[in-house]
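Presented below is the structure to which this report refers.
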Amino acid sequence: MDVYDVSDDLVKKLNDWKLIAIISGKFNELKENYSKVNFVEHALIDFKYMEKIFLTVSLRENKCNKRSVEFRMLGNEQFSLKNRKYFQALELYNKSICYAEPNSEHLSIGYANRSAVFFEWKRYRECLANIELARKANYPERLRHKLDKRERDCQQLVQQQPPDIVPYRFKLSFESHPQVPSIANCLEMRETPDEGRFIVTNRDLVVGDVIAIEQPFCSSLLAPMRYIRCATCKEERYLTLIPCDSCCSAMFCSEECKERATSTFHKYECPIIDLLHRMFNKIHGIALRTTLSALDLHGSIEELMAYCDQPQNQHKSVFDLDYTQLTPQEHYRAIHGLVTNQHLRSVSDLFQRSVVCAVLKHFIIEYTPLKEYLGGEDGRNFFTDLLFRHLQTSPSNMHGIDLVEQPNETKDDQSYASGAYAFLSLINHSCAPNTMRINQGVHAYLFVLRPIKAGDVLYDNYGAHFAVFSKKQRQETLSMQYRFNCKCEACELDYLKYRQLPHKACVPLVTDDTDMKLLGAYNYDFAVNNYRKYCEFLTQYADAFPCAQISSAEECLKMALHVMMDAVPLKAKM
């Protein structure tokens, strides 16, 4: 059961009982968003949905040595000589570490077992780090001889471990914007009734130019990554992750990241973390994290209410702010000012969003310390309004934080987090984009993918690319999720999908099987030595777009940049 099942079941029940017209009418009459959500919350309580959720979905799993042992045994099975599935073993050992009760020997044994994986991988530095964690967690004396031997072997071999690849450090290709240092000074914002806010360049740009390097206002780790990445910094550190002391669904790369989380967002999410993972998706997750991050920036709910009510904090974008002088609180302005498009939404859309908001706010207020922070009715209503606002802005403005696409891997293996990026949210969609985003950690680098003339608009891709999806599929997806009818060049000219694109005789072939083989093997040196070749080719033959040769070169460039920036999962490199 997830929150959409609740919404669908409620609507069905209201239809069956001939109440839908009455409820919809009353709902639509309510002017304030918090009133709409509270109205829906009362209906969910009256129809026993909140009670059913509480009884069927665990708010938070408790630490349990029995479960810890079960996960460790499963990890041992994967680690065995018969299987040697080390990544599966590693994730299971991390789960074992997370489920171990505080001060029990099972925590230390989990660290010790994890060290064995790294010894097999010849990652001796990480092996020693886990041996130290095991000792600090009171590793049992009866097993210590095994750990001592592994430590001695590691100390003899550690010098043989090659240094990790240092990611290529890209910089802006132009001087930084005087008010927004994270973007190039050639970028400007425009606004029209049809297009809304969008970004143009006042100078010619060529393929490979870096025009923005943005850090998100906040980010949220996706549930499938919780035993692989740090819940705070989102780095892939599952070699040395340490667990939350209270829940079994959050791990951290260091004591510093653990303290940061437990003093901010995690103190509210931790008591209901398993309900959050079970009932809600990544859009709801980043909406909640954005709301909690806004609360954390202010000393009290009254202070945040006053801040959001100020006229100068309404409908602002990054270009209305001077980031060289902003306080931490003011960084929220551009996120708060993102467009909700509420006037375009149907009653059924707003009702469904109200169900999501009602369930989310009910459990986080009733079962976490947030209730005390919000105080009385005014504070709770303001929080509800703010959460509802971000539930509307998240689908069309927040961004997935991704790795390179891997053959035979699921989307969950590519995406590991969601982020709230104030500048990137201003870039409009095209099914044939002229820019591309690549993440290094949570930092998003915006590269030029196709030449852009001075005065032209920058376009990103929201996931509906012409090379992968038909025009009909793209139009349906974009209309449903983003509320617009796409009129980009790919839709207007009905571009063919990748495998149907023709080879144009006037365009040479800049890539071959060697390129794809070496880039597919994540060859760092090859990527560094060849990415400029792809950039120059794509700039020179831009007028021939789209064709098979250009699409192949674009894919090679994307892969090369991912490799150079180490935006590649660990298991792909081992």
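Position 1 is the first residue of the sequence, and the numbers go up from there. Not measured: the values here are computed from a predicted model.
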Name the orientation class of the two ring planes belonging to H390 and H336 (parallel below 30°, tilted from 30 to 60°, perpendicular beyond 60°). perpendicular
If every non-hydrogen atom of C535 is compared with every non-hydrogen atom of G208, which pair is closest and at what distance? SG-CA, 3.7 Å
Got Y462 and T477 here, is their nearest side-chain heavy-atom distance under 4.5 Å? no
Determine, stepwise, if the pair K316 / D320 fulfils salt bridge (Lys or Arg N to Asp or Glu O under 4.0 Å). CA-CA 6 Å; K316 296 297 182 183; D320 297 310; 5.1 Å; no
Do any pairs count as a side chain to side chain donor-acceptor pair (under 3.5 Å) and have a residue in residues 200-215, sequence neighbours left out, and if so which ones? E188-N202
Under 6.0 Å from the CG atom of N485, do we count more than 12 heavy atoms belonging to anything else shown? no
Determine whether S418 and I283 make a side-chain contact, defined as any pair of heavy atoms from C-beta on separated by less than 4.5 Å. no
For E476, which residues count as a salt bridge (charged side-chain N to carboxylate O under 4.0 Å, His left out) partner, sequence neighbours excluded? K472
Please collect all ring-ring contact (aromatic ring centres under 6.0 Å, His included) contacts where either partner lies in residues 190-224, sequence neighbours excluded, each pair once. F217-Y332
Parallel, tilted or perpendicular: ring planes of F170 versus Y168, cut at 30 and 60 degrees: tilted
Which pair of non-hydrogen atoms, one from P433 and one from Y459, has the smallest distance, and what is that distance? CB-O, 3.6 Å
Taking atom CD as the centre, does E175 end up with more than 12 heavy-atom neighbours from other residues, nucleotides or ligands that are less than 6.0 angstrom away? no
Is the shortest side-chain heavy-atom distance between V206 and P451 below 4.5 Å? no
Does CD belonging to E303 count more than 12 external heavy atoms closer than 6.0 Å? yes
What heavy-atom pair brings K36 and S354 nearest, and what distance separates the two atoms? CB-OG, 4.1 Å
Correct closest heavy-atom pair for K234 and A231 would be NZ-O, 3.3 Å
Report the distance from atom CG of L391 to atom CG of L386, rounding to the nearest 0.5 Å. 10.0 Å
Any non-hydrogen side-chain atom of I183 less than 4.5 Å from a side-chain atom of I211? no
Does some side-chain heavy atom of I228 sit less than 4.5 Å from a side-chain heavy atom of E236? yes
Check: E554 and R450 side chains under 4.5 Å, non-hydrogen atoms: yes
Taking salt bridge (charged side-chain N to carboxylate O under 4.0 Å, His left out) as the definition, give me every residue that meets it alongside D385, ordered by chain and number, with sequence neighbours left out. none
Show the atom names and distances, to 0.1 Å, of all donor-acceptor pairs under 3.5 Å that link a side chain in residues 541-551 to residues at least two apart or in another chain.
unit_1 : atom_1 : unit_2 : atom_2 : d
Q549   : OE1    : K504   : N      : 3.2
Q549   : NE2    : K504   : O      : 2.7
Q549   : NE2    : V507   : O      : 2.8

Would R289 count as a cation-pi partner of F265, with NZ or CZ less than 6.0 Å from the six-membered ring centre and within 45° of the ring normal? yes
Minimum-distance pair of heavy atoms, taken over all atoms of C491 and K471: O-NZ, 3.0 Å
Do you know which of L387, L370, L275 makes side-chain contact (heavy atoms from CB on, under 4.5 Å) with I364? L370
L449 versus K558: any side-chain heavy-atom pair under 4.5 Å? yes
For L496 and Q500, which heavy atoms make the closest approach, and how far apart are they? CD1-O, 3.4 Å
Contact check, side chains of F319 and F423, non-hydrogen atoms, under 4.5 Å: yes
Under the salt bridge (charged side-chain N to carboxylate O under 4.0 Å, His left out) test, which residues partner K487, sequence neighbours left out? none
Tell me if the CZ atom of R197 is crowded by more than 12 foreign heavy atoms within 6.0 Å. yes
